[in-house]
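Here the structure is a predicted model, which means the values were calculated and not measured.
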Amino acid sequence: MDAIELLKQQHREVEELFEKFEKAGEGKQEVMMDLFARIADNLAAHATIEEKLFYPSVYVGPTADKLQEAVEEHLSVKRVIADLLDMDPMDTQFKAKMKVLQELVEHHVEEEEKQLFKDVKKLMRKEELAVIGEQMEAMFDELIQTEPRMQVPRETDEAAPLA
């Protein structure tokens with residue numbers, strides 16, 4: 001699968017998980033935790049394949065500034081995930097923080113799909129996107145087996161603190 005199509009597919013999967021989370025009723029702590037874990041794992045693995053494979057492959061010309069912004073957006077998402085990992089889903093702030101996470105992700109997805117992906121398609125051949133896509137899919141499949149959300153706090157600690 002081509003890299004852009006893979007990323008779009010993963011965007012749709014996370015959107016569906018957020019919808020399920022929103023529909024999960026109060027008092028369904030186990031369901032909420034399961035959905036949060038799935039969302040956080042998918043986002044953590046998705047960010048990793050973008051940062052390690054996709055972004056370095058397309059870091060040329062007009063995409064450079066957009067990619068720097070995208071990495072900062074990933075860091076914001078990871079900071080919210082790290083906060084959520086320390087919270088009880090019954091905490092009154094848990095759902096509010098999940099909504100903030102959803103909004104951060106929606107903004108990031110919109111920017112990628114409306115501009116970045118179009119620029120990348122102009123810069124790269126289909127064959128190149130297919131090769132990167134295969135590598136990304138393999139790395140994602142490997143990562144998703146390892147509860148990648150559990151690495152997020154370490155990644156945010158290693159990043160420069162917000163000033």
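- You'll find the side chain of Thr48 stays beyond 4.5 Å of the side chain of Pro148, heavy atoms only.
- Side-chain contact between Leu104 and Glu73 is absent, with no heavy atoms from C-beta onward closer than 4.5 Å.
- The only member of Lys8, Met136, Gln9 that meets side chain to side chain contact (heavy atoms under 4.5 Å, CB included) when paired with Met1 is Gln9.
- Looking only at atom types and distance, the side chain of Asp141 has no donor-acceptor partner in the side chain of Gln145 under 3.5 Å away.
- Residues Val31 and Phe21 fail the side-chain proximity criterion, which asks for heavy atoms closer than 4.5 Å.
- Note that the CZ atom of Phe36 and the CG atom of Leu17 stand 12.0 Å from one another [nearest 0.5 Å].
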Test Val105 against Val109 for side-chain contact (heavy atoms from CB on, under 4.5 Å), laying out the working first. CA-CA 6 Å; Val105 170; Val109 165; 4.1 Å; yes
What do the steps show when you test Ile39 against Met98 for side-chain contact (heavy atoms from CB on, under 4.5 Å), and what is the final call? CA-CA 10 Å; Ile39 290 167; Met98 280 295 291; 3.7 Å; yes
Passes salt bridge (charged side-chain N to carboxylate O under 4.0 Å, His left out), Arg12 versus Glu15? Steps please. CA-CA 5 Å; Arg12 301 296 83 79; Glu15 287 169 0; 2.9 Å; yes
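- Nearest heavy-atom pair across Ala44 and Arg149 is CB-N, 3.9 Å.
- Taking the six-membered ring where the residue is Trp, Phe117 and His11 present parallel rings, their angle staying beneath 30° rather than reaching 60°.
- With rounding to the nearest 0.5 angstrom, the CG atom of Leu43 is 12.5 Å from the CZ atom of Arg38.
- Looking at heavy atoms from C-beta onward, Glu106 lies in side-chain contact with Gln102 at the 4.5 angstrom threshold.
- Contact detail for Ala47 and Lys78: the closest heavy-atom pair is CB-CE, 4.0 Å.
- Counting only heavy atoms from C-beta outward, the side chains of Thr146 and Gln151 never approach each other to under 4.5 Å.
- For the pair Ile4/Phe54, a side-chain contact is recorded, criterion being any heavy-atom separation below 4.5 Å from C-beta on.
- Legend: residues meeting ring pair (Phe, Tyr, Trp, His ring centres under 6.0 Å) with Tyr55, ordered by chain and number and at least two apart, are His74.
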Phe18 and Leu101: CA distance, side-chain angles, deciding distance, side-chain contact (heavy atoms from CB on, under 4.5 Å) verdict: CA-CA 10 Å; Phe18 273 120; Leu101 178 63; 3.9 Å; yes
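- Electrostatic pairing of Glu22 and Lys95 does not count as a salt bridge here, judged by no charged N lying under 4.0 Å from a carboxylate O.
- Taken to the nearest 0.5 Å, the CE atom of Met139 stands 4.0 Å off from the CG atom of Leu53.
- Contact record, Leu6 with Gly133: CD2-O, 3.8 Å, taken as the closest heavy-atom pair.
- Here the closest non-hydrogen pair linking Ile81 and Ala40 is CG2-CB, 3.9 Å.
- When only modelled atom types and interatomic distance are considered, Gln29 and Asp88 share a side-chain donor-acceptor pair under 3.5 Å.
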So Val14 and His46, side-chain contact (heavy atoms from CB on, under 4.5 Å) or not? Walk me through it. CA-CA 10 Å; Val14 168; His46 179 85; over 6 Å; no
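- Heavy atoms only, all atoms of each residue included: Met32 and Pro89 are closest at CE-O, 3.8 Å.
- In this structure, Glu128 contributes its side chain and Arg125 its backbone to a donor-acceptor pair below 3.5 Å.
- Residues Glu111 and Glu69 form a side-chain contact, since some pair of their non-hydrogen atoms from C-beta on lies under 4.5 Å apart.
- Looking at Glu155 and Arg79, no side-chain N of the basic residue comes within less than 4.0 Å of a carboxylate O on the acidic one, giving no salt bridge.
- Taking CD of Glu19 as the start and CG of Leu35 as the end, the distance is 11.5 Å to the nearest 0.5 Å.
- Here the straight-line distance linking atom OG1 of Thr63 with atom OH of Tyr59 works out to 8.0 Å at 0.5 Å rounding.
- Atom NZ of Lys97 and atom CG of Asp86 lie 10.0 Å apart (nearest 0.5 Å).
- No more than 12 heavy atoms of other residues, nucleotides or ligands lie within 6.0 Å of CD in Glu142, so this atom counts as exposed by the packing criterion.
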Might you work through the side-chain hydrogen bond (donor to acceptor under 3.5 Å, both in side chains) test for Glu103 and His107, ending with a clear yes or no? CA-CA 6 Å; Glu103 290 169 357; His107 171 79; over 6 Å; no
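- Under a hydrophobic clustering in which Ile, Leu, Val, Met, Phe, Trp and Tyr are joined whenever their side-chain heavy atoms come within less than 4.5 Å, directly or via other members, Val131 and Leu123 fall into different clusters.
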